[in-house]
Amino acid sequence: QVQLVESGGGLVQAGGSLRLSCAASGRTFSNYAMGWFRQAPGKEREFVAAISWNSGTTYHASSVKGRFTISRDNAKNTVYLQMNSLKPEDTAVYYCAADQSRRPGITTLEYDYWGQGTQVTVTS
């Protein structure tokens with residue numbers, strides 16, 4: 001079992017920045033690929049970014065590429081999502097997830113454990 005706790009969400013104006021953190025506990029963090037997803041009201045949960053167990057591979061959704069960056073610190077059991085140039089359409093609950101396969105996936109089905117989410121609201 002892996003427990004995931006997100007933090008860092010909040011209210012920000014368009015053009016601003018936030019850094020989300022996801023702290024993991026339980027099994028060895030470096031055994032897992034990690035991902036960030038988001039879900040806006042009335043919409044399905046969508047892929048944002050993913051990172052392999054050793055940070056060797058990262059993926060970012062086209063909608064956030066160039067603005068968001070995923071990273072991890074295995075010594076701190078934490079994965080981050082740096083979000084810059086935020087837009088109102090980035091408003092959503094952001095979830096981190098862990099994938100036992102170590103390979104970063106882009107679909108929700110590939111992930112085994114999920115956090116409770118953190119709200120990000122971007123005002124225009």
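FYI, side chains are in, hydrogens and waters are out, and symmetry mates aren't considered; it's all heavy atoms of this structure.
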Identify the heavy atoms of V48 and V64 that sit nearest to each other, and give their distance. O-CG2, 3.6 Å

Give a yes-or-no answer on whether the side chains of S17 and N84 include a donor-acceptor pair shorter than 3.5 Å. yes

For the CD atom on Q116, are there more than 12 heavy atoms of other groups (residues, nucleotides or ligands in this structure) within a distance under 6.0 Å? no

Is R102 close enough and on-axis enough to Y32, meaning under 6.0 Å and within 45°, for cation-pi? no

May I ask you to test the L4-M34 pair for a side-chain heavy-atom distance under 4.5 Å? yes

Counting only heavy atoms not in Y59 (residues, nucleotides, ligands), do more than 12 fall under 6.0 Å from its OH? no

Lys NZ or Arg CZ of R38 over F47 ring: under 6.0 Å, within 45°: no

Contact between V120 and L18 at the side-chain level, heavy atoms closer than 4.5 Å - yes or no? yes

With rounding to the nearest 0.5 angstrom, report the SG to OH distance, C96 to Y113. 13.5 Å

When you look at F37 and W114, which way does the ring-ring contact (aromatic ring centres under 6.0 Å, His included) test go after all the steps? CA-CA 10 Å; F37 291 76; W114 292 84; 5.1 Å; yes

Looking only at non-hydrogen atoms, find the nearest pair between P88 and S124 and report the distance. CG-CB, 3.9 Å

Flag the pair Q100 / N31 as yes when at least one side-chain heavy-atom distance between them is below 4.5 Å, and no otherwise. no

Can D112 and D99 be said to form a side chain to side chain contact (heavy atoms under 4.5 Å, CB included), step by step? CA-CA 5 Å; D112 304 289; D99 178 358; 3.8 Å; yes

Check whether any side-chain N or O of N74 sits under 3.5 Å from a backbone N or O of S30 as a donor-acceptor pair, and report yes or no. no

Any chance you could lay out the side chain to side chain contact (heavy atoms under 4.5 Å, CB included) test for E110 and R103, step after step, and finish with the verdict? CA-CA 9 Å; E110 296 174 84; R103 298 183 299 276; over 6 Å; no

Would you verify whether the NZ or CZ of R72 falls within 45 degrees of the ring axis of Y80 while also being under 6.0 Å from that six-membered ring's centre? no

Is there a side chain to side chain contact (heavy atoms under 4.5 Å, CB included) between L11 and T123? Walk through the geometry before answering. CA-CA 7 Å; L11 181 67; T123 60; 3.6 Å; yes

Between T91 (side chain only) and E89 (backbone N and O only), is there a donor and an acceptor less than 3.5 Å apart? no

